[in-house]
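Have a look at the structure below before the remarks.
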There are 2 protein chains.
Amino acid sequence: MVTMKEIAHQAGVSVSTVSLVLNNRDEGRVRGAVARHVRDIAAQLGYKSNPLASSLRTGRTHMLGFISEDVATTPYAGGIILGAQRAARRFGYMLIVVSTDGEESETAEIAALKRYGADGFLYAKMSNRITHAPSALTGMPLVLVDATDADGKIPSVESDEFRIGYDATKRLIDAGCERIAYVGCSEPLIAQAERLRGYQAALGDDGRKFDRRLTIDVLNNDPALAAVDRLFNMERPDGFFCFNDARAWYVYECAARRGLTVGRDISVVGVDNHRVFAETLAPTLTTVELPHFEMGYWAVTKLVSMLEDRPLDNIDWPRTTAPMPRLDSPTPAKIHCTLVEKHSVRQ
Amino acid sequence: MVTMKEIAHQAGVSVSTVSLVLNNRDEGRVRGAVARHVRDIAAQLGYKSNPLASSLRTGRTHMLGFISEDVATTPYAGGIILGAQRAARRFGYMLIVVSTDGEESETAEIAALKRYGADGFLYAKMSNRITHAPSALTGMPLVLVDATDADGKIPSVESDEFRIGYDATKRLIDAGCERIAYVGCSEPLIAQAERLRGYQAALGDDGRKFDRRLTIDVLNNDPALAAVDRLFNMERPDGFFCFNDARAWYVYECAARRGLTVGRDISVVGVDNHRVFAETLAPTLTTVELPHFEMGYWAVTKLVSMLEDRPLDNIDWPRTTAPMPRLDSPTPAKIHCTLVEKHSVRQ
DNA sequence: TTGTACGCGTTATCAA
DNA sequence: TTGATAACGCGTACAA
């Protein structure tokens, strides 16, 4: 690794001058010609700053700790991490992801991150919940991801679940569905409440009345199949908005048993949680994608703005990485194509 | 953060003495009483070494770079990462995960890891392939994860795909299946070839003849469903070994259309790639779990042994984190319960 | 047995 | 406009 000392030697100046120039603090302090010369030599030698050494002096490592439980078991964690990493790289930071497993390992991992001098932290849940941040993080620069601070003090990035529910339902309405069911989640998640609100709002805006019998809340297990089966029998829905793609499978199973074909006889929209369903059930399942990448990206952006005390205004929003909507599959009245949508995040 | 200097001050000795003691280099160099005193003070003050500062001196950061493409899109990446992180923590290392997206970002991330002084690298694929490690990593301490070095020079950790195929098929034989089909993968993966070998070997060991017509290779897309449908019509299999759980879905769909129930009329075993299927299709789908956690753990262990030049012999194998086999579901002749198995890794 | 002195790469201060 | 010099926290050769 080439050091400032070598550059100074080559350029015939002192290390301090090199430091000033390479940190762009040379305006009015170093003669232009000298600065240019130093920069040339640095480029020529392929100089890269040693962030660890400078951290010794500045107290900033440019490392960000990303802490989350269940990174191992939730497939969509990767999207958040990728977004966070992109933003980190963009602002010259290194993202350090640690997955925790219970409070003990959480404490241990946070301690390790602190020893390595992380400048700030991201604390991510894998679905929006009211959250108490670990006490070890109080007082540190911190942003929550897909989580809501219990005390409302910590900035967080969350997805707009209401809009997800609204758009999904609207899509079914536009497809001509008459009886639209909601296959929800029986866990007390913010997403559940908000998506249901969105579902109701979309129905209301279309002049329809909300019918409680068309909604069921299930877990992702065996009884879910029976519940969906009952829903088929009792209510004969022709459109299904599913809390996630895994739950959509139950609809597929029940439909197949009745000789119904999704995309022709009934329509299904599911929130894409696992990606593989979108692939497997394509092109008949319409999926609404959660803004995982964006949440990660935006959270890091927010954290950096806190660390560096600069506003976010002039930061341009990242381009979406999701594929564009695909509308090229056969489209009779009620056939849904595979369609991926992004939703905005609110700060 | 409490430093050696403060400890030296409190203990009334010099910093070098503190350094000697806390690095366990005090045998025959520091008086026992003094050493004990220093240790006491350090413990009392809660001293933690600053790994970045010591790296400046020693050239070792105790940071390991974990590089992988598609961390974002493959759900099982988390298992590997978790195992790797556990091992890293155990040996006093910090794992830095970076997900790459094409060669350009790969190069950029590797460069960043080098600037931060990573001591060694893990290069992971999300399914075993013949792999050329990035040229930027040649000469660095490196271990491949779920990948095979094209030149056979770089150590790697891979799962035993043959055994997976063998065991999955054996399970179907034991369940009394007469006509066992293999729904494979049409991509040229090592797993595909090896699992097929295992399938054939298990059939052979049971005195059966391999019948090519009972095997199909498909992708995870629409034509797959048609292919499985044909398989049902032509061969009437009563047992299905599926390359992964996503492919198993096609079998479920075809079965449902025919009024067949998995676990009663037919049996299905799938390799667990996405976890959510195991949950959704339980308890009728039998899944064979890949040793993701172990591969990560073992790879880091190997890497550390290379870095520290010590043998692996006295390292005890990590306890599995997988749930124990569940055999408590109803078990008539052909019903498969949800069963999670670990497979050994070979170095 | 202990302490002094130096170096790792960088940045900040201050004097020239 | 520039360059010594000290300092960050730690490790180690060498002197005491």
Side-chain angles (χ1 to χ4, degrees), chain A residues 1-39 41-42 45-63 92 94 112 114-119 308, chain B residues 1-39 41-42 45-63 92 94 112 114-119 308:
Chain A
M1 285 289 94
V2 38
T3 69
M4 281 191 176
K5 195 199 261 182
E6 299 176 43
I7 296 173
H9 185 74
Q10 287 262 339
V13 297
S14 77
V15 179
S16 333
T17 304
V18 175
S19 175
L20 280 177
V21 171
L22 296 185
N23 288 312
N24 296 315
R25 304 197 164 286
D26 56 320
E27 268 183 279
R29 311 196 55 190
V30 177
R31 196 146 36 91
V34 175
R36 227 168 306 121
H37 188 210
V38 168
R39 270 185 253 270
I41 305 248
L45 264 49
Y47 171 80
K48 299 288 178 192
S49 81
N50 179 335
L52 269 37
S54 63
S55 83
L56 201 56
R57 191 62 237 220
T58 61
R60 325 218 81 177
T61 56
H62 278 218
M63 300 197 297
M94 182 69 134
K114 281 186 174 174
R115 295 208 296 144
Y116 275 86
D119 291 339
E308 304 190 348
Chain B
M1 285 289 92
V2 37
T3 68
M4 283 192 177
K5 193 198 262 183
E6 297 176 45
I7 296 174
H9 185 73
Q10 287 261 339
V13 296
S14 78
V15 179
S16 21
T17 304
V18 175
S19 175
L20 281 177
V21 171
L22 296 184
N23 288 314
N24 297 314
R25 304 200 164 284
D26 56 321
E27 268 182 277
R29 312 197 54 190
V30 178
R31 196 146 35 93
V34 176
R36 226 169 305 121
H37 188 212
V38 168
R39 269 184 254 269
I41 306 247
L45 263 50
Y47 171 80
K48 299 286 179 192
S49 81
N50 179 334
L52 268 38
S54 62
S55 82
L56 206 53
R57 196 55 242 213
T58 62
R60 326 218 79 177
T61 55
H62 278 219
M63 301 197 297
M94 184 70 135
K114 281 187 174 174
R115 294 206 297 144
Y116 274 87
D119 292 338
E308 304 189 348

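So that the names make sense, note that chain A is the first sequence line, chain B the second, and so on, each numbered from 1. What you see is a predicted model, and the numbers here were worked out from it, not measured in a lab.
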Checklist entry - At under 4.0 Å between heavy atoms, what does A:Arg29 touch on the DNA or RNA strands: base, sugar-phosphate, or nothing? => result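 It contacts base atoms.
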
Checklist entry - At under 4.0 Å between heavy atoms, what does B:Ser19 touch on the DNA or RNA strands: base, sugar-phosphate, or nothing? => result base

Item to check | Polar pair under 3.5 Å, donor/acceptor by atom type, side chain A:Arg57, base C:dT10 | outcome: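 It does not, because no donor-acceptor pair links the side chain of A:Arg57 to the base of C:dT10 below 3.5 Å.
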
Checklist entry - Is a donor-acceptor pair below 3.5 Å formed from side chain A:Ser16 to base C:dT11, judging by atom type as modelled? => result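 Side chain to base: no pair below 3.5 Å.
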
Rounded to the nearest angstrom, tell me the gap between atom [atom1] in [X] and atom [atom2] in [N].
X: A:Asp26; N: C:dA12; atom1: CG; atom2: P; answer: 14 Å
X: A:Ile7; N: C:dG9; atom1: CD1; atom2: P; answer: 12 Å
X: B:Arg36; N: C:dT1; atom1: CZ; atom2: P; answer: 13 Å

Check: [Y] and [X] side chains under 4.5 Å, non-hydrogen atoms:
X: A:Ile7; Y: A:Leu22; result: yes
X: A:Leu52; Y: B:Leu56; result: no
X: A:His9; Y: A:Thr3; result: no

Checklist entry - In degrees, rounded to 10°, what is the bend between the two ends of the helix from C:dT1-D:dA16 to C:dA16-D:dT1, using five pairs at each? => result 50°

Checklist outcome for this item: Closest non-hydrogen atoms of B:Gly46 and B:Val2, given as atom of the first, atom of the second and distance, are O-CG1, 3.6 Å

Checklist entry - So where does chain A start and stop touching DNA chain D, 5' to 3', when the test is distance under 4.0 Å to a non-hydrogen atom? => result D:dT1 to D:dG9

